[in-house]
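These notes concern the structure reproduced below.
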Amino acid sequence: MNRLDRVRTRIEEAKLDALLISGPVDDVFGRHSQNREWVSGFSGSTGRAVVTLDRAVMAVDFRYVEQAERECVPRGFEVFKIDGREKQWLPKLVEAADLAGKTVGLSGADITFGGAEALKVAARSMRVGRPRFVVANGIVEGLRKVKDAEELAALQRAIDIGDAACDTAVAALRPGMTEIEVAELIEREVKGGGGEGLSFETIVAAGPWGAMPHASPRNEAIRKGDAVVIDMGALSGGYCSDLTRTVTAGKPDANFQAIYDIVFEAQQAAIEGVEAGMSGVTAHRLASKVIGDAGYGENFGHGLGHGVGLEVHESPYLGESSQDVLEEGMVFTIEPGIYLPGWGGVRIEDVVVLENGKARVLSHAKKMIPAGVS
């Protein structure tokens, strides 16, 4: 079943006649709607995808007509040119897409409150054939949780680029380099390796700075013996990678090795134990139990992992507050950590896909393997 058919099934289940997927903002810097892109293939900043039970229309202004024809028509969409404000173009779109008198769901993650109100005001101004707009949450996001073969291939390309960049940076890391220099090296390697850029701003955190899971890199020299947390990702074909390695600048001391071994054991327990049908909460506890039993339960305060795809953080979520159940084909991170204020942190993160009920690791960047572990 293709993506449009899957969306139509969900539209029927929600008792809607159509779904409208826009973008949260008109933003030329790329913070557009991944839901819209997943359904239609459209990668522009402004456009509205309308999916009905028998039609699919991409409504764009003159700037994006050619792009929409190139990206959306192969996905089964017609392209409809709009001009002006909602009051001007909505009646024409309603007629073109056969939405008169229909109930149209607004993809809630992809429209602002003001945008929804503008559509409702424009609908009220129509004398005949007014559509009824209602909020429809989670329709596309729910479908995006499970990756198809095309998505898995794109994800693997992004992961491979990120892995290579991280390996190069770790091999080059020396005491005296600044955190910013390491981050800049990673970005150059991602782009040099064929990536479109970073999937998020790289985290490089040395020594005590590593106790903050989302620390920003500083213009501070890395000291000999420091534990260095490197969390980075590459963007390729619109898909994201996410990878964390913790290394030392020089030979690790016994304290680092002890903390690292606990985190490594926790990650391995989760990778080996996670399975389809398991709740996100139960998956999280596979790792948190190992860390808790070692006496560091209060020092692992975030979830075990999150989905990765067109966004670097998407469903499912693996953590104590998760409401997700893991399914075959889901792609997510497994990233336990221990964070000790005044000392630093250790986090190890890989991306996995659930296949045949178990996790297959997609990340292959080098990592420190504890003695005695094959």
Indicate if [X] and [Y] have the same hydrophobic cluster label, given that clusters are the connected sets of ILVMFWY residues with side-chain heavy-atom separations under 4.5 angstrom.
{"X": "Val104", "Y": "Leu53", "answer": "no"}
{"X": "Leu286", "Y": "Val353", "answer": "no"}
{"X": "Ile111", "Y": "Val57", "answer": "yes"}
{"X": "Leu143", "Y": "Leu152", "answer": "yes"}
{"X": "Leu318", "Y": "Val361", "answer": "yes"}

Would you call the rings of Tyr64 and Phe42 parallel, tilted or perpendicular, where under 30° means parallel and over 60° means perpendicular?
perpendicular

Relative to each other, are the rings of Tyr260 and Phe264 parallel, tilted or perpendicular (30° and 60° limits)?
parallel

Please check this pair: side chain of [X] against backbone of [Y], looking for a donor-acceptor N/O pair closer than 3.5 Å.
{"X": "His306", "Y": "Val312", "value": "yes"}
{"X": "His284", "Y": "Leu304", "value": "yes"}
{"X": "Arg144", "Y": "Val140", "value": "no"}
{"X": "Ser322", "Y": "Gly319", "value": "no"}
{"X": "Asp226", "Y": "Val228", "value": "no"}
{"X": "Asp324", "Y": "Gly280", "value": "no"}
{"X": "Arg245", "Y": "Ala365", "value": "yes"}
{"X": "Glu179", "Y": "Arg218", "value": "yes"}

Would you say the side chain of [Y] lies within less than 4.5 Å of the side chain of [X], judging by non-hydrogen atoms?
{"X": "Glu327", "Y": "Leu354", "value": "no"}
{"X": "Arg347", "Y": "His302", "value": "yes"}
{"X": "Glu71", "Y": "Met58", "value": "no"}
{"X": "Asp231", "Y": "Asp242", "value": "yes"}
{"X": "Ile82", "Y": "Arg48", "value": "yes"}
{"X": "Gln267", "Y": "Asp350", "value": "yes"}
{"X": "Thr282", "Y": "Leu326", "value": "no"}
{"X": "Tyr296", "Y": "Ile259", "value": "yes"}

Show, in sequence, the C-alpha distance, side-chain angles and deciding distance for Val121 and Lys87, and conclude whether the side-chain contact (heavy atoms from CB on, under 4.5 Å) test is met.
CA-CA 8 Å; Val121 169; Lys87 285 186 179 181; 3.9 Å; yes

Closest non-hydrogen atom pair between [X] and [Y], with its separation:
{"X": "Val135", "Y": "Gly108", "value": "CG1-CA, 4.3 Å"}
{"X": "Ala14", "Y": "Ile139", "value": "CB-CD1, 4.3 Å"}
{"X": "Val331", "Y": "Pro316", "value": "O-CD, 4.2 Å"}
{"X": "Ser107", "Y": "Asp110", "value": "OG-OD2, 2.5 Å"}
{"X": "Thr244", "Y": "Glu349", "value": "OG1-OE1, 2.6 Å"}
{"X": "Val308", "Y": "Cys240", "value": "CG1-O, 3.2 Å"}

Just wondering, more than 12 heavy atoms not from [X] lying within 6.0 Å of its [atom1]?
{"X": "Glu66", "atom1": "CD", "result": "no"}
{"X": "Lys102", "atom1": "NZ", "result": "yes"}
{"X": "Gln88", "atom1": "CD", "result": "yes"}
{"X": "Glu298", "atom1": "CD", "result": "no"}
{"X": "Asn356", "atom1": "CG", "result": "no"}

[atom1]/[X] to [atom2]/[Y] distance, rounded to the nearest 0.5 angstrom?
{"X": "Arg36", "Y": "Ile21", "atom1": "CZ", "atom2": "CD1", "answer": "9.0 Å"}
{"X": "Glu12", "Y": "Asp17", "atom1": "CD", "atom2": "CG", "answer": "10.0 Å"}
{"X": "Thr52", "Y": "Leu20", "atom1": "OG1", "atom2": "CG", "answer": "12.0 Å"}
{"X": "Leu310", "Y": "Glu151", "atom1": "CG", "atom2": "CD", "answer": "6.5 Å"}
{"X": "Leu198", "Y": "Leu235", "atom1": "CG", "atom2": "CG", "answer": "8.5 Å"}
{"X": "Ile262", "Y": "Ile338", "atom1": "CD1", "atom2": "CD1", "answer": "4.5 Å"}

Of all residues at least two apart in sequence or in a different chain, which pass the salt bridge (charged side-chain N to carboxylate O under 4.0 Å, His left out) check with Arg55?
Glu78

Any residue meeting salt bridge (charged side-chain N to carboxylate O under 4.0 Å, His left out) with Lys81, in chain and number order, not counting sequence neighbours
none

Using side-chain contact (heavy atoms from CB on, under 4.5 Å), reason through Val39 and Phe77 one step at a time and then give a plain yes or no.
CA-CA 10 Å; Val39 172; Phe77 277 77; 3.7 Å; yes

Can you list the steps and then say if Lys145 with Glu141 is a salt bridge (Lys or Arg N to Asp or Glu O under 4.0 Å)?
CA-CA 7 Å; Lys145 290 181 183 180; Glu141 297 96 313; over 6 Å; no

Identified salt bridge (Lys or Arg N to Asp or Glu O under 4.0 Å) partner of Arg360 from the options Glu328, Glu275, Glu355:
Glu355

Name all residues meeting the side-chain hydrogen bond (donor to acceptor under 3.5 Å, both in side chains) criterion together with Asp293; count only those two or more places apart in sequence or in a different chain, and write none if there are none.
Lys289

Examine the side chains of Glu201 and Ser216 and answer whether a donor and an acceptor come within less than 3.5 Å of each other.
no

Would Val281 and Arg285 satisfy side-chain contact (heavy atoms from CB on, under 4.5 Å), going step by step from the backbone distance to the final call?
CA-CA 6 Å; Val281 174; Arg285 290 175 180 171; 3.5 Å; yes

Test side chain to side chain donor-acceptor pair (under 3.5 Å) on Ser43 and Gln67 and set out the steps.
CA-CA 8 Å; Ser43 62; Gln67 180 177 352; 3.2 Å; yes

What's the verdict on salt bridge (Lys or Arg N to Asp or Glu O under 4.0 Å) for Asp160 and Arg157, showing C-alpha distance, side-chain angles and the deciding distance?
CA-CA 5 Å; Asp160 290 345; Arg157 284 193 295 272; over 6 Å; no

Would Leu155 and Val351 satisfy side-chain contact (heavy atoms from CB on, under 4.5 Å), going step by step from the backbone distance to the final call?
CA-CA 10 Å; Leu155 277 163; Val351 177; 5.9 Å; no

